[in-house]
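All remarks here apply to the structure that follows.
If you're wondering where the values come from, they're calculated on a predicted model, not measured in any experiment. Quick note on labels: first sequence line is chain A, next is B, and so on, each numbered from 1.
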Amino acid sequence: MTPIMTIQERIAQLVTEATQIAQQMGDLPADPRALPEPDIHRPSNPDLGDFATALPLKLANQMKMPPMEIAKILAAYVRNTDLLDRLVGAEFLKNIEPAHPGFVNFWLKDSWLAAQVESIRKDGPTYFDSTLGEGQRVQVEFVSINPTGPLHVAHARGGVIGSSLANILKAVGYEVEQEYYFNDAGNQIENFQRSLHARYLQLFDRDAQVPEDGYHGEYMVELAREVRGEIGDSILYLSVEDAISELGRAGQAKILEAIKKDVKLLRINFDKWFSEASLFQDGQYDSAMQLLEDKGFVAERDGAVWFASTKLGEDQDKVLVRGSGVPTYFATDVAYHYDKFVKRNFDRVINVLGADHQGHVALMKPVVQAMGIAPAKLTLIVHQMVTLKRGGDVVKISKRSGDIVTLRELVEEVGVDACRFFFLSRSPDSQMEFDIDLAKKQSAENPVYYVQYAHARIAGILRLATERGIDYEDGDLSLLGHEAELALIRKMLLLPELMVQMATALEPHHLPHYAVELATAYHWFYEKCRVVSSLPEDDELSKARLKLVDAARIALARCLDLMSMDAPDEM
RNA sequence: GUCCCUGUAGCUCAGUGGAUAGAGCGGCUGCCUUCUAAGCAGCGGGUCACAGGUUCGAAUCCUGUCAGGGACGCCA
């Protein structure tokens, strides 16, 4: 576990205190205004240090001094040994230098860097974790499509984002529940049932048409066949309404079963499958409506029941219960959020949805607010659509037209690791173009294998060490000092920061990019530094490097694990 | 009409206030008698859509324009 106070925070504190002391000593002008945050960042160019602050540039104006002058004075004060000893023990800083046009740059000590290898090995995968979440209960809801057909590629995107985010949140100390919400009531379900009924009748050469706005996909024919295989022709002798609901139940159970299998294929594990119908059976629907009414957000008008979202500044009210007395999908969603926040009392709720559901954002925030819940507790991550291409042509994705590429087909063609990596590596905000042919073609030489190959190379070295009976537990890490060794360690030490950043911003898409960088650092080290040497005089260095390799294994495996990808020992 | 997302290398995309804008793929050139060449090193490739503005500093923030995708129902 990474220390509560990160190195950045310690350097930030150091800079702030040094500035104050410089002011007290009269070397920098005193100013009653509060000092700006030092904002410790990592320079893009590694030659400029491990950390840097642009504080002098920010102070130049109010101090009426050239920024470079401030930088020089600040660097001198920060370098002051007494201050270093008192504030941070000076155990990790090597150099502190002013730099044009007004930065102060910080370099970490090689010996401190090398020593971190032992910490990583001692802690194992949890080295990269933190306590950011403080045990708060977070629910991540994702995929959640109606069980009216198989999952297709676009759903894979939401699935990968949601499950990876859940992994990351767990790692930084949240208690996470992953949930799939499915509709087992409502118009679309009825539509599905009628479509299935028509397909079933067609199997018996009866005259039946799939409704125009029904589900026309081939899979419905297959589904009808499966259901017939189980319950035979008994449905034919029921009344139409009974037949439809009987078939519907059987068909829907099958679809849901298939979805559960598909989701497993993508290595997604939901803790709970939440049924819409249960909201009515268990009373959440009534309680939610009552709560909204108690808060004064329910109005009756034109024979319908409305949610008065205009009271909260929205453009228009929304219908909760139709004139027919049937609740809208929106109303059940209100009940569902009541269940999440009031009944189950989650500290935070995150919902990953596709761009076609973006209207949801403007609806649910006011709803939770109306229920007296801080809207900030609800976060909706909207990911843009996935465009499928095959051989340069756009493939239409529509369940109803039936021209779809299923998640299963995709995983079977491209592989689950590549799927997860590829879907995760794009920001949810960007539209994705997924060229299936290209994905397959590139699968032999793509970043997925690049990262996994690094792990396999590590495993190969550790295997060799074991075969040769090398015990490297007493390896002396102070022997590490090669630039490739230090670069690898630096890269590993970035992971804890990255995890906090990803968890805070809810942006898991940085992880695959980092994994590539880590793999690059390892491949470079591998190229530059022989680990298991046949020369006796290299024994000690070999042992130290084996420790480093072992730490790299832990870091790389942690990355892959957070992405729910395999970390192969050989390829 | 209103709202949301996007526009960065030939292609697919990272980079959301700092220093010389990056990766993968594709193209070109080198490197395997010791731990996996699914690797490494190098070359080439950019008006960060456009125009203003804020700032010591803008791909990043604000405004506008253009272009692409999406959402706006007593559908779900």
Side-chain angles (χ1 to χ4, degrees), chain A residues 39 41 43-45 47-48 52-54 56-61 66-67 99-103 105 145-146 148 183 186-189 191 213 276 302-306 315-316 318-330 332-333 354-362 382-385 387 422 425-435 438-439 441-454 456-465 467-468 505 509-510 512-514 516-517 519-520 522-524 526-535 542 545-546 549 570-571:
Chain A
D39 287 335
H41 67 273
S44 47
N45 181 349
D47 293 341
L48 298 171
T53 177
L57 285 164
K58 292 179 178 170
L59 289 173
N61 225 348
H100 283 284
F103 294 97
N105 296 340
I145 67 152
N146 294 345
T148 55
N183 290 96
N187 281 354
Q188 286 306 320
I189 295 302
N191 211 349
D213 59 347
E276 179 195 9
D302 305 331
V305 179
W306 301 73
D315 290 341
Q316 49 191 340
K318 286 289 299 176
V319 171
L320 286 164
V321 185
R322 302 179 183 98
S324 62
V326 179
T328 59
Y329 175 87
F330 172 62
T332 59
D333 237 14
D356 51 341
H357 289 87
Q358 65 183 242
H360 202 73
V361 181
V382 178
H383 67 79
Q384 299 300 311
M385 310 301 284
T387 308
F422 190 77
S425 62
R426 268 66 168 158
S427 152
D429 287 339
S430 74
Q431 287 164 232
M432 267 188 81
E433 204 160 86
F434 199 122
D435 190 319
L438 201 62
K441 202 183 86 186
Q442 289 180 353
S443 65
E445 275 191 28
N446 66 30
V448 180
Y449 298 93
Y450 180 85
V451 173
Q452 292 182 320
Y453 183 53
R457 277 181 146 184
I458 288 172
I461 289 179
L462 296 176
R463 247 190 330 266
L464 182 67
E467 280 166 18
R468 299 216 180 148
H509 71 275
H510 299 297
H513 295 280
Y514 168 79
V516 168
E517 286 176 20
T520 299
Y522 183 77
H523 286 311
W524 190 54
Y526 183 94
E527 203 70 23
K528 296 280 182 188
C529 302
R530 178 76 202 181
V531 178
V532 179
S533 169
S534 43
L535 304 171
S542 279
R545 285 179 171 168
L546 279 166
V549 168
E570 39 189 82
M571 286 175 72

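Side-chain N/O atoms of A/N45 and base N/O atoms of B/U20 include a donor-acceptor pair closer than 3.5 Å. Residue side chain A/D333 does not reach the base of B/A76 through any donor-acceptor N/O pair under 3.5 Å, judged by distance alone.
Between A/Y450 and B/C40, a side-chain N or O to OP1/OP2 separation shorter than 4.0 Å is present. Side-chain N/O atoms of A/R468 include none lying less than 4.0 angstrom from OP1 or OP2 on B/C35. Considering only side-chain N and O atoms, A/R426 lies nowhere under 4.0 angstrom from the phosphate OP1 or OP2 of B/U6. Side-chain N/O atoms of A/N183 include none lying less than 4.0 angstrom from OP1 or OP2 on B/A76. At the phosphate of B/G15, OP1 or OP2 sits under 4.0 Å from a side-chain N or O atom of A/H509. Checking the phosphate oxygens (OP1, OP2) of B/A19, a side-chain nitrogen or oxygen of A/S44 falls inside 4.0 Å. Distances shown here put a side-chain N or O of A/Y526 below 4.0 Å from the OP1 or OP2 atom of B/A37. Contact annotation: A/H510 reaches the phosphate of B/G15 (side-chain N/O to OP1 or OP2, under 4.0 Å). The side chain of A/N61 places an N or O atom within less than 4.0 Å of a non-bridging phosphate oxygen (OP1 or OP2) of B/C56.
Among the atoms of the strands shown, base atoms are found under 4.0 Å from some heavy atom of A/L48. Note on A/D302: a base of the nucleic acid sits closer than 4.0 angstrom, heavy atoms only. Looking at heavy-atom distances under 4.0 Å, A/G323 makes contact with a base. Within the nucleic acid shown, A/E517 has no heavy atom closer than 4.0 Å to any nucleic acid atom. Residue contacts shown for A/K58 include a base, since a base heavy atom lies under 4.0 Å away.
The side chain of A/N105 sits closest to B/A19 out of B/U12, B/A19, B/C40. Among the nucleotides B/C5, B/C13, B/U34, the one closest to any side-chain atom of A/D429 is B/C5. Looking at the side chain of A/A52, the nearest of the listed nucleotides B/A76, B/G24, B/A19 is B/A19. Of the listed nucleotides (B/A76, B/G15, B/G18), B/G18 has the atom at the smallest distance from the side chain of A/A54. Residue A/R457 places its side chain closer to B/A37 than to any other of B/A19, B/C13, B/A37.
Applying the ring pair (Phe, Tyr, Trp, His ring centres under 6.0 Å) rule to A/Y514 yields no partners; only residues at least two apart in sequence or on another chain are considered.
Here, B/A58 and B/G15 have their C1' atoms 13 Å apart, quoted to the whole Å. The C1' atoms of B/G53 and B/G39 are separated by 49 Å, rounded to the nearest whole Å. To the nearest whole angstrom, the two C1' atoms, one in B/A76 and one in B/C61, are 37 Å apart. As rounded to the nearest Å, B/U12 and B/G45 have C1' atoms that lie 16 Å from one another. Taking atom C1' on both nucleotides, B/C28 is separated from B/G10 by 15 Å, rounded to a whole Å. Comparing the P positions of B/A9 and B/U60 gives an interatomic distance of 15 Å, to the nearest angstrom. On the C1' atoms, B/C48 is 13 Å away from B/A14, given to the nearest whole Å. B/A71 and B/A49 are spaced 25 Å apart, taking the P atom of each and rounding to whole Å.
Look at A/F103 and the base of B/G18; the rings do not stack under the cut-offs of 5.5 Å between centres and 30° between planes.
Using the Watson-Crick or G-U wobble rule with both distances under 3.5 Å, B/U54 pairs with nothing in any strand shown. Of the nucleotides present, B/G7 is the one that pairs with B/C66 by Watson-Crick or G-U wobble criteria, both distances under 3.5 Å. When both pairing distances are held under 3.5 Å, B/G17 makes no Watson-Crick or G-U pair with any nucleotide shown. Figure legend. B/A41 is base-paired to B/U29; pairs are counted as Watson-Crick or G-U wobble with both atom distances under 3.5 Å. Of the nucleotides present, B/U2 is the one that pairs with B/A71 by Watson-Crick or G-U wobble criteria, both distances under 3.5 Å. B/U12: Watson-Crick or G-U partner is B/A23, with both key distances under 3.5 Å.
Side chain of A/N183 to main chain of A/N146: no donor-acceptor pair is present (N/O by atom type, distance under 3.5 Å, no hydrogens or angles).
Note that NE2 of A/H360 and CG of A/D333 are 4.0 Å apart. Values are rounded to the nearest 0.5 Å. Atom CD of A/E433 and atom CZ of A/R426 lie 10.5 Å apart (nearest 0.5 Å).
In this structure B/C32 sits in the syn conformation; its chi angle is within 90° of 0.
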Give me the distances for all protein-to-nucleotides 66-70 of chain B N/O pairs that come in under 3.5 Å?
unit_1, atom_1, unit_2, atom_2, d
B/G68, N2, A/Q431, OE1, 2.8
B/G70, O2', A/A355, O, 3.0
B/G70, O2', A/Q358, NE2, 3.3
B/G70, N2, A/Q358, OE1, 2.4
B/G70, N3, A/Q358, OE1, 3.3

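Nearer the 5' end of RNA chain B, as judged by each residue's closest nucleotide, is the contact made by A/S425, out of A/L57 and A/S425. Between A/S324 and A/S533, the residue anchored closer to the 5' end of RNA chain B is A/S533, taking for each the nucleotide with the nearest heavy atom.
Using a 4.5 Å heavy-atom cutoff, the side chains of A/T328 and A/K318 are not in contact. By the 4.5 Å heavy-atom criterion applied to side chains, A/L546 and A/V531 are counted as neighbours. In this structure, the side chains of A/L48 and A/F103 stay at 4.5 Å or more apart for every pair of heavy atoms.
Straight-line distance from the CH2 atom of A/W524 to the P atom of B/A41: 8 Å, rounded to whole Å. With rounding to whole Å, A/D315 atom CG is found 18 Å from B/A71 atom P.
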Quiz item: Under the side-chain contact (heavy atoms from CB on, under 4.5 Å) criterion, do A/D39 and A/K58 qualify, and how do the steps go?
Solution: CA-CA 10 Å; A/D39 287 335; A/K58 292 179 178 170; 2.6 Å; yes
Practice problem: Show your reasoning for whether side-chain contact (heavy atoms from CB on, under 4.5 Å) applies to A/H523 and A/R457. | Solution: CA-CA 9 Å; A/H523 286 311; A/R457 277 181 146 184; 3.1 Å; yes
Quiz prompt | From CA spacing to verdict: side-chain contact (heavy atoms from CB on, under 4.5 Å), A/N446, A/F422 | solution = CA-CA 10 Å; A/N446 66 30; A/F422 190 77; over 6 Å; no
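Aromatic ring orientation, A/H509 versus A/H513: perpendicular (interplanar angle above 60°, classes split at 30° and 60°).
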